[in-house]
Amino acid sequence: METKDNNLISLQGLEVYYRIGGGIFSEAKTVKAVDGVTLDIRRGETLGLVGESGCGKSTLGKAILRLTEPTGGKVFYNGKDLAHLPKAAMRDQRKDLQMIFQDPYASLNPRMTVGQIISEPIKTFGLANGGLDERVQELMETVGLSRRFIKRYPHEFSGGQRQRIGIARALAVDPKFIVADEPISALDVSIQAQIMNLLERLQAEKDLTYLFISHDLRAVRHLSDRVAVMYLGKIVELAPGKDIYADPLMPYTQALISAVPVPDPEIEATRERIILKGDVPSPINPPAGCRFHTRCPYAIEACKTTVPKLVEIKPSHFAACIRINDENPDVDANAQAGLGDIQK
Ligand SMILES: Nc1ncnc2c1ncn2[C@@H]1O[C@H](COP(=O)(O)OP(=O)(O)O)[C@@H](O)[C@H]1O
Ligand SMILES: [Mg+2]
C-alpha cells in the first residue's frame with residue numbers, strides 16, 4: 001500500500017565506530033566501519049548493497065537492527081528512531097526487522113532441531129496461536145523444506161537447505177524488512193539461483209523489503225531495484241539497478257563492474273577492465289578528502305582534501321565525486337605515475 005512516506009527505513013548520518021585495542025601494550029584505535037551513511041530504503045524494494053570485503057556492509061546491516069550499536073546518526077523505521085529506542089522497546093521492534101546470514105551453519109544452533117530453531121522466535125514474540133508444530137511446518141513448506149524434517153538437526157541438511165532453515169526462522173515472525181547479508185555467497189553456484197528465486201518469491205508473497213548485501217554484482221543485479229555502492233564506510237554511488245550497470249559514474253563502481261566476467265566470450269575477450277591499484281586502505285586511518293583518492297585514476301589535488309557529497313547527477317542517480325561534472329576528467333598526472341591504471 002502506498003503511503004505518504006514511501007520509505008520503510010531512513011538512515012540519517014548513521015555511524016558505527018568500533019573501539020579496538022587499548023590494552024597495556026597498545027593504544028585504543030577507532031575503526032570507522034560505517035561513517036555517516038544517509039540512505040532511504042523504500043517500501044517493497046530490494047536495495048542492493050555492494051562493495052569490497054571490509055567496507056562496512058555487514059556493520060551497516062546489523063546497525064539497522066541494533067545487532068551492533070550505532071555510535072551516531074539515526075535509523076528511522078515507521079517514523080521511529082530505532083537507534084535511540086530503549087533496549088526493551090527495540091527487542092519488540094525486532095519482530096519487524098530480521099536478518100539472514102551468509103553462513104547458515106554458523107548461525108543455526110547445532111544442538112537444536114529444525115523445529116526448535118524455527119519455533120524459537122515464534123515463542124519469543126508469543127505468536128503461536130494454535131499449534132506450534134503446524135506453524136513451523138507451514139513455514140518449512142513455504143521455504144521448500146519437507147514437513148517430515150522437523151525433528152532433524154542442521155548437520156543433516158545441505159548448505160542450501162540450511163539457508164532455507166535460516167530463511168524460515170527469519171520469516172517466522174512475519175517481518176516487514178529483511179537484511180540478507182551475503183545469503184548465497186557460501187553456497188554452490190548451482191544452489192545460488194534457487195535461493196535467489198526463493199527470496200524473490202517470498203518478497204512478492206509477503207510484501208517484504210530487502211537490504212541485499214553482496215560482493216557478487218551478478219546476484220545484486222538480478223535481485224535489486226536500486227543499488228548502493230559502499231567504499232570504506234561511505235555510500236559513493238546510488239542508482240536504479242539498470243543504471244548502475246549501464247552507466248556507472250564512479251570510477252570505483254566502474255572497476256567493480258569491470259571485474260565481473262561476461263558470459264558472452266566475444267564481449268568477454270574485448271571488455272575493458274579497470275584494475276585498481278592497491279588494497280582498500282584501513283578504516284582505522286581512512287584517507288582524508290575523498291576516501292577513494294589513493295586508488296582513483298582521476299584523482300586531483302582537491303580530492304585529497306575535499307570530502308565529496310552524494311549528489312543527484314542524473315534523475316535518481318547519485319554519486320559522490322567532485323570530478324563527476326568535469327567534461328573530460330583527464331587521468332591525472334599523479335595517477336599516471338602510479339595511483340591507478342586503466343587497461344584496455
Ligand atoms: N566487532 C568488531 N570490532 C571491531 N572491528 C570490527 C568489528 N566488526 C567489523 N569490524 C571492522 O569493521 C570494518 C567493516 O567490517 P564489515 O562490516 O564486516 O565489512 P563487510 O561486511 O563489508 O566485509 C572492517 O574493517 C572490520 O574489520
Ligand atoms: Mg560482511
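In this chain, residues are counted from 1 in sequence order. Reckoned from all heavy atoms, side chains included, excluding hydrogens, waters and symmetry mates. First listed ligand is number 1; within each ligand, the first listed atom is number 1. Predicted, not measured: the structure shown is a model, and the values here were computed from it.
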Next item on the list: Go through the steps for Glu52 and Lys57 under the test salt bridge (Lys or Arg N to Asp or Glu O under 4.0 Å), then give the verdict.
Entry: CA-CA 9 Å; Glu52 284 160 290; Lys57 305 182 295 297; over 6 Å; no
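A centroid separation of 6.0 Å or more is found between the aromatic rings of Phe177 and Tyr77.
Minimum interatomic distance between Phe125 and Arg94 (heavy atoms only, all atoms of both residues): CZ-C, 4.2 Å. Closest heavy-atom contact between Lys80 and Leu85: CD-CD2, 4.3 Å. Smallest separation of non-hydrogen atoms from Lys277 and Arg295: O-NE, 3.1 Å. Annotation for Pro281 and Leu232: closest pair O-CD2, 3.2 Å, computed over non-hydrogen atoms.
For Pro283, no nitrogen or oxygen atom sits less than 3.5 Å from a nitrogen or oxygen atom of ligand 1, counting backbone and side chain alike. Taking only nitrogen or oxygen atoms, main chain and side chain alike, Ile20 does not reach within less than 3.5 Å of ligand 1. Ligand 1 has a nitrogen or oxygen under 3.5 angstrom from a nitrogen or oxygen of Cys55.
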Side-chain atoms of residues 17-25: list all donor-acceptor pairs with protein atoms under 3.5 Å, sequence neighbours left out, distances to 0.1 Å.
from  : atom 1 : to    : atom 2 : distance (Å)
Tyr17 : OH     : Asp35 : OD1    : 2.6
Tyr18 : OH     : Thr59 : OG1    : 3.1
Arg19 : NH1    : Thr30 : OG1    : 3.4

Would you list the atom pairs, donor with acceptor, under 3.5 Å between side chains in residues 236-247 and any protein atom, with sequence neighbours excluded?
from   : atom 1 : to     : atom 2 : distance (Å)
Glu237 : OE1    : Leu249 : N      : 3.4
Glu237 : OE1    : Met250 : N      : 2.9
Glu237 : OE1    : Thr253 : OG1    : 2.8
Glu237 : OE2    : Leu249 : N      : 2.8
Glu237 : OE2    : His317 : NE2    : 2.6
Tyr245 : OH     : Leu217 : O      : 2.9
Asp247 : OD2    : Lys314 : NZ     : 2.2

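A salt bridge links Glu69 and Arg66; the closest N-O separation between the charged side-chain nitrogens and carboxylate oxygens is under 4.0 Å.
At a cut-off of 2.8 Å, Thr59 does not coordinate the Mg ion (ligand 2) through any N, O or S atom.
The closest protein non-hydrogen atom to atom 9 (C) of ligand 1 is Tyr18 CE1, 3.5 Å. Nearest to atom 11 (C) of ligand 1 among the protein's heavy atoms is Val31 CG1, 3.9 Å. Protein heavy atom nearest atom 20 (P) of ligand 1, with residue, atom name and distance: Gly54 N, 3.4 Å. Counting protein heavy atoms only, atom 19 (O) of ligand 1 is closest to Gly56 N, 3.2 Å. Nearest protein heavy-atom neighbour of atom 18 (O) of ligand 1: Ser58 CB, 3.9 Å. Scanning the protein for heavy atoms near atom 12 (O) of ligand 1, the closest one is Ala33 CB, 3.5 Å.
Within the 4.0 Å heavy-atom cutoff, Gly51 does not count among the residues contacting ligand 1.
Not one N or O on the side chain of Thr306 forms a donor-acceptor pair closer than 3.5 Å with the backbone of Cys303.
The distance from ligand 1 to the heavy atoms of Ser53 drops below 4.0 Å at these ligand atoms: 23 (O).
Relative to atom 22 (O) of ligand 1, the option among Lys57, Lys32, Lys29 with the closest non-hydrogen atom is Lys57.
Remark: atom 27 (O) of ligand 1 lies closer than 4.0 Å to no protein heavy atom. Note that atom 2 (C) of ligand 1 has protein non-hydrogen atoms nearby, at separations under 4.0 angstrom.
Residue-level proximity to ligand 1 for Thr59 is carried by backbone and side chain together, each with a heavy atom below 4.0 angstrom.
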